[in-house]
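Keep in mind that the numbers below use all heavy atoms, side chains included, and drop hydrogens, waters and symmetry copies. All of these numbers come straight from a predicted model, not from anything done at the bench.
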There are 2 protein chains.
Amino acid sequence: MSLVLGDKWRGRVSQRTAQAVRSAAAELGYRPNLAARNLRLGRTRTALLVVPALTNDYFARVYTGAARVAARNGFGVVLYPSPEGVGPAPDPFSSARAALDGVIASSMAVEALDAISGDPAAGTAGLPLVMLDSEPGAAGAAATVNLDLADGMRQVVDHLVALGHRRITHIAAAVDSWTFQVRRDAFDAAVRGLSGAVGGREPAGLSVEQGLQAARRALTAPGPRPTALVCDDDLLAAGACKAVRRLGLRVPEDVSVTGFDDLALATAVEPELTTVRLPADEVGARGMAALLAALDGHAPEPADVLPVHLTIRGTTTAPAEG
Amino acid sequence: MSLVLGDKWRGRVSQRTAQAVRSAAAELGYRPNLAARNLRLGRTRTALLVVPALTNDYFARVYTGAARVAARNGFGVVLYPSPEGVGPAPDPFSSARAALDGVIASSMAVEALDAISGDPAAGTAGLPLVMLDSEPGAAGAAATVNLDLADGMRQVVDHLVALGHRRITHIAAAVDSWTFQVRRDAFDAAVRGLSGAVGGREPAGLSVEQGLQAARRALTAPGPRPTALVCDDDLLAAGACKAVRRLGLRVPEDVSVTGFDDLALATAVEPELTTVRLPADEVGARGMAALLAALDGHAPEPADVLPVHLTIRGTTTAPAEG
DNA sequence: CTGTTAGCGCATTCAT
DNA sequence: ATGAATGCGCTAACAG
């Protein structure tokens, strides 16, 4: 079946024959068997995208970007939501049993990442791995594409300081991953450089509810109350806004709040969240491009760092006098 | 390699041999080749889950439920977010090129569904298909699992009517799928049965922004203003709340608002949404169980219909006098 | 109880 | 320009 040569009959078979085979195939409803093809070729043109959660549209966006460039190159992407807490299966292969050509991991916590990259039983051993939003230069990564989160945090603090805020508390995601570590370091650096500024920190799990509780702790702690809450993501920020109001205060007049990600949630709440917009699909797209390049044997490019943009909306304003 | 007998050596090989093979395999880092296995077996133990969107945690929950029961049965689930508007690829196989044993489709619009079930080029032809949240008894479906959405809508209207509302407008998703058609019919039926009640309807695309615009149209139309807005999902409800406030009115004192789904969003906004909680992971779990049963050659069970529960929170109250 | 073998459907190479 | 033969790695059936 020369037809299966797909588009490889440059000068091989005659026009007529090709046409004949084509129509015959269409007639019989012939469809190539993927398993056989994969076996023969030893490649599957499929990449695994490992994400920590599906309940966050940031990851939906990176998937979209990755799937777009994958499709353009005849690749498929299968999503593997890594078991956070209690997940379906600790092994990508039982959840996505396609044979894989490579893996892309986004924003993974360090221990989860070890499980993916290090464990030979995970089936990802020896596969090209590109990391998104993760520690650059990690062992075994063919490439890394990152966001300039440090700059984003700097933009947030600068914005707040320009507004006149001095007592700023960081509602920090209690997750041990690079993406949050960077925020923490950048926050500390930004606050440290400021005379008269006081930075606090309150850890919180990644949910609206935990953001609420952390913000309440921050707001009711002894000493002068912070006038601004810088949150590690939009969920936390939404929770922080609720905490502010439950204490009888107003957002943003009494307390300003900022987030990260610019999820759909950011414009669903009121007032709309001032937040750092992350170009998620661009991250996914570049990640897939890097994986494709690695598969082609290209040398790893210098780590990509994408700019981020502070989007000022309704949850920040100048602090009240005093 | 008797090892590959996985767990099939009940009385076949000796303990010692099995053990030897095991350790040898571990030693060499042997891993079975999925492509070869799939080719030989003609089955892949993989199901495709087709969803209309990833940006909605309802579908994340159905995935979780499906993946859980799949994992328990040695199956994998690959997610295919169907291209809504402009998607990656019109063909599941280019996005998820695993060979499939069956497909589960959730809440699909009718035209998208035709593409999945009817098009032989889609690669899903002849595969067992189970439909979630879709027209029961559709051609080609091995099973259907549905939510009792009509009862949910009835609960919503009853709740509102009990509170004293009479002018109720339905902010209806402008999507041609069964799931929204049911809401529409149930709303009409519920309102029709009430003396003195007036039901209106305003269509809206599935987003916060479009919910806002539809609600504004509903609230500013000539004639007496509705005192309650019944929305087809939580995104729409969040938008409706914003519209109410932009008109200088309050939620819920001036206008009550309800949603459907009970997304994370529902408790992120303020006041928290009164909404119909949908047991999404149960839907996913039952869907996968039904697919597994179909694969085992069991006759299709009677369509499952899962109960739903109205969760009363902060966006509904009695209407103001007059 | 254990070793050997055929063949799943495809892409490729070699022979016509 | 086209057909025939080979083998990818695995499992199931069969021979020892």
Side-chain angles (χ1 to χ4, degrees), chain A residues 1-46 73-76 91 93-94 96-102 120-127 295-296, chain B residues 1-46 73-76 91 93-94 96-102 120-121 123-127 295-297:
Chain A
M1 307 315 170
S2 348
L3 162 106
V4 180
L5 293 175
D7 292 316
K8 278 255 205 48
W9 51 290
R10 321 189 224 226
R12 310 261 299 136
V13 307
S14 72
Q15 291 272 0
R16 256 178 26 98
T17 320
Q19 194 52 35
V21 177
R22 287 239 182 97
S23 57
E27 205 74 23
L28 301 181
Y30 168 78
R31 40 191 22 272
N33 177 314
L34 268 312
R37 181 204 296 267
N38 292 343
L39 175 57
R40 183 62 178 85
L41 264 12
R43 297 164 304 122
T44 57
R45 301 191 80 78
T46 299
N73 291 80
F75 264 68
D91 160 16
F93 274 82
S94 51
R97 75 183 31 255
L100 272 9
D101 283 350
T124 54
L127 255 38
L295 255 14
D296 275 358
Chain B
M1 306 316 167
S2 346
L3 163 107
V4 179
L5 293 175
D7 292 318
K8 279 253 203 49
W9 53 287
R10 317 190 225 231
R12 309 259 301 133
V13 308
S14 72
Q15 290 272 0
R16 252 179 27 100
T17 320
Q19 194 51 37
V21 178
R22 287 242 182 95
S23 55
E27 207 74 23
L28 301 180
Y30 168 78
R31 41 190 25 273
N33 177 315
L34 268 312
R37 182 206 298 266
N38 292 344
L39 176 58
R40 184 62 179 86
L41 264 12
R43 297 163 304 123
T44 58
R45 301 190 80 76
T46 300
N73 291 80
F75 263 69
D91 160 17
F93 273 83
S94 50
R97 73 185 32 255
L100 272 11
D101 283 349
T124 55
L127 255 36
L295 255 14
D296 274 359

Distance, rounded to the nearest Å, where A/Leu41 contributes CG and C/dT12 contributes P = 6 Å

ask   = A/Arg31 CZ to C/dC10 P: how many Å, rounded?
value = 11 Å

remark   = On DNA chain C, more 5' by nearest nucleotide between A/Arg43 and B/Leu39 is B/Leu39

query = Over how many whole Å does the gap from A/Asn33 atom CG to C/dC8 atom P extend?
reply = 11 Å

ask   = Any donor-acceptor pair under 3.5 Å linking the side chain of B/Asp101 with the backbone of B/Thr44?
value = yes

query = Given atom CZ of A/Arg40 and atom P of C/dC10, what is their separation to the nearest angstrom?
reply = 13 Å

Which atom of A/Ala36 lies closest to which atom of B/Leu39, heavy atoms considered = CB-CD1, 3.7 Å

note = On a heavy-atom basis, the closest approach of A/Gly74 and A/Arg45 is O-NE, 3.2 Å

Derivation and outcome, side-chain contact (heavy atoms from CB on, under 4.5 Å), residues A/Thr46 and A/Leu100 = CA-CA 5 Å; A/Thr46 299; A/Leu100 272 9; 4.1 Å; yes

query = Within this structure, what is the CG-to-C1' distance between A/Leu34 and C/dC8, rounded to whole angstrom?
reply = 14 Å

query = Rounded to the nearest Å, what distance is computed from the CZ atom of residue B/Arg37 to the P atom of nucleotide D/dC10?
reply = 8 Å

